[in-house]
Structure formats: C-alpha cells, structure tokens
Number of protein chains: 2
Amino acid sequence: MTPVTPTAPKDLRPAPELDDLDRRLLTLLRENSRMTNQALSERLGIAPSTCLARMKTLQRTGVIRRFTVEVDPRALGRGIEALISVRLRAGARHLMSSFSEGLKEVPEVSQFFFLAGADDFLIHVVARDTDHIRQFVLEHLSSNQAVAATQTSLVFEHVHGSAEL
Amino acid sequence: MTPVTPTAPKDLRPAPELDDLDRRLLTLLRENSRMTNQALSERLGIAPSTCLARMKTLQRTGVIRRFTVEVDPRALGRGIEALISVRLRAGARHLMSSFSEGLKEVPEVSQFFFLAGADDFLIHVVARDTDHIRQFVLEHLSSNQAVAATQTSLVFEHVHGSAEL
DNA sequence: GTTGAAACAAAACATAA
DNA sequence: TTATGTTTTGTTTCAAC
C-alpha cells in the first residue's frame, strides 16, 4: 500500500496546544510579520522576553512555517492568474511524486493541491497573459505522458481570507 | 454593464518597474520576512540605507502588500482542507459582491477565487474534520438563495510554490 | 539612486526572582 | 513568566556624493 500523500511525508507530531496568547500573537504576525518583538509584546500586554519565548516556541514546533511577504503579481509582470485542474492517466499515479517536485520549482506555479475526487490536482498559476498560460499548459502538462486531461479557468479575482485565528 | 470584478476595484496603476535588485530583495523576503535590514543588505551587497529605501518604495507602491506568516493549519486544530467550487443561479450574479465580503470574514475560508468558466468561484477552506466542512457548506453555501450548486473536493496535500521571482 | 557615519532603538542573552 | 542589566546588533536619518 503506497501512502496517499505524494511528496515527503509530514510529521504527524500532535499539534502543540495553543493558548489564547499564541493565537493573538499569530494574528498580529499575520497582519505584519515585521513588527518588532517589543511592539508585539506591548500589543499583547506581556513582557518582551515572554513574547520572544513564545515566538521561538511557535517556530521550533513548526506552528510557524515561515515568515513571508505577499507580493502583487502585477508588479512582477504577472497580471493574469488561472486555475488548472489536472487528471492523470490511471496507471500514472506513481509519477505524482516526481511531478510534484518539479512543479514546485516552476516560476509560474503559485501553489497546487493534490485532491481526492474526480481531478487529481489543481494548479494555481500566475502569468503575464493568456498566451503565457497556454504555453505553461503545453510545456508542463499536456506534454507529460502521465497527464490525461487538463481544464483551465481564468481567475477574475483572488481574495485572501482575513479572519481571526 | 456591471464590472467583472465583484469586490472593490483595484488600482490599475501601471506596475512600477522592478529591477534585479528589487526582485532579489523580494525573493529574500519571501523566504524570511523577518530578516533584519542589515542581513538583507549584506546578502544583496548594498548599504543598509539603500536596502531600507528599496523596501520602503516597494511598500509605498504596493508591490509589497503585506508581511505575513504561514501557519500550520494543524496547529490550529484545522487538520483538513477542501476546495469547494460554487455555481450561482443565473439571476444571482449581482449578489456576488456582498457574498464575497461576507466570505472573507469566515474563519474557515483561507482564500477564494472568482472564475471565468463553468463555475463561478472556488473556495479553499481549512477545517477540523469532514463534519466541519459539511457544516460550512450547509451554513454558508447551500442555505444561500444565490447558490445553484456546490462541489467539494478534499485536499490531500497543499504545496506552495517556491520558485524565484 | 547610493552611501557612510552618527544617534538612537531593539535584540539577545543571562540571571535572578 | 517577568524584570532587569549588559552586550551586541540593527534601524533610521541625513548630509554628501
């Protein structure tokens, strides 16, 4: 029996218990991850040393995966986005793992999902224009022996959730 | 004629020209947005003051939308993800805007896309378990008069792209 | 657009409570 | 967890290039 997840298995370490303070800290960091430790501690009403200790624990235990930045795709000359659902040939599932590793490094790929259901995965791509998307599909999907079918939907708007944790 | 995008229109300000230095700076920040200005300037081979000036410009012009953090959903007791595609009733398109605003504030909603194509949008939700997802669909989608149909796919794995800019 | 130097602020760490 | 002290490191401004 092969595992369900196609790429490197993740730790199944039980989720560390987060208290209300942790959640408020994560909420603040989600809004602005460059806030200084001091500013964070003030907003939380705790000592800077405590705040720092919390943050380190959150990083060490993997609750915080990384601090990152959201970039406007248009600024990078990537004004168009698409979602591409992909179905693999029945006999080609074992190729998903290597396929996944390759995809991750393709500049147009913003994120992708492995799915349970009719389609095997869904790729979110960010590109210059529709020709660029077509080229992506031809080069990285259609030409792949493992791919049975693809379906591309252009994205009118992409919204990130902003709810509290 | 109503606009295509259902939520607040975005600036159509032309993308500011980014040079190689800007792109390298963004790449570094994407890997770790809490790197100090000094460390960033060293990696780029420029003075700290120059690095700071670049970063401020990127923020001011909207190239950098926000500094944020990626949190492991499992740590929040949200161990399961799903993608839900939604088709609206033909006469209900005018409700998309208010629908969108509401969705953004629902804690389970990680992101969503407005689409051109057969489906009207696609919602990425993060939940405790499958019951939680079912409850989300019932409460926020099926019960909505504007929704004609939904289709839920569970996510086995969610991968973020890590290609250079 | 870039720089270095100076003044200021914060981080990191240890320690003791 | 906090408060405090010390040392090291980083931020920010600005005049000058």
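So you know, we letter chains A, B, ... as the sequences are listed, proteins then strands, and number each from 1.
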Here the distance between atom P of dT11(D) and atom CD of Gln59(B), to the nearest Å, is 13 Å
note: Leu44(B), atom CG; dG1(C), atom P; distance rounded to Å ~ 16 Å
May I ask you to evaluate whether Thr50(B) reaches the phosphate of dT3(C), defined as a side-chain N or O under 4.0 Å from OP1 or OP2?
yes
Correct closest heavy-atom pair for Val86(B) and Ile123(B) would be CG2-CD1, 4.1 Å
Here the distance between atom C1' of dG1(C) and atom CZ of Arg60(B), to the nearest Å, is 13 Å
Per atom distances to the Ile46(A) side chain, the nearest of dA11(C), dT2(D), dG4(C) is dT2(D)
In whole angstroms, the gap separating P of dA10(C) from CE of Met55(A) amounts to 15 Å
Do Gln111(B) and Gln111(A) have a side chain donor and acceptor closer than 3.5 Å?
yes
For Lys56(A) and dC13(C), is the shortest distance between a side-chain N/O and OP1 or OP2 below 4.0 Å? yes
Output for pair (Arg66(A) CZ, Glu31(B) CD), nearest 0.5 Å, gives 8.0 Å
When rounded to whole Å, the CG to C1' distance for the pair Leu25(A) and dT1(D) reads 15 Å
Ranking dG4(C), dT12(D), dA3(D) by distance to the side chain of Leu52(B), first place goes to dT12(D)
By nearest-nucleotide position on DNA chain C, the 5'-leaning member of Ser49(B) and Pro48(A) is Ser49(B)
Between Asp19(B) and Arg34(B), whichever has its closest DNA chain C nucleotide further toward 5' is Asp19(B)
note: Gln38(A), atom CD; dA3(D), atom P; distance rounded to Å ~ 13 Å
Closest non-hydrogen contact found for Leu29(A) with Arg34(B) is CD2-NH1, 3.9 Å
Taking any heavy-atom pair under 4.0 Å as a contact, classify Arg54(A): base, sugar-phosphate, or nothing.
sugar-phosphate
Taken to the nearest 0.5 Å, the spacing of Leu165(B) CG from Asp20(B) CG works out to 11.0 Å
In whole angstroms, the gap separating C1' of dT9(D) from CD of Glu42(B) amounts to 11 Å
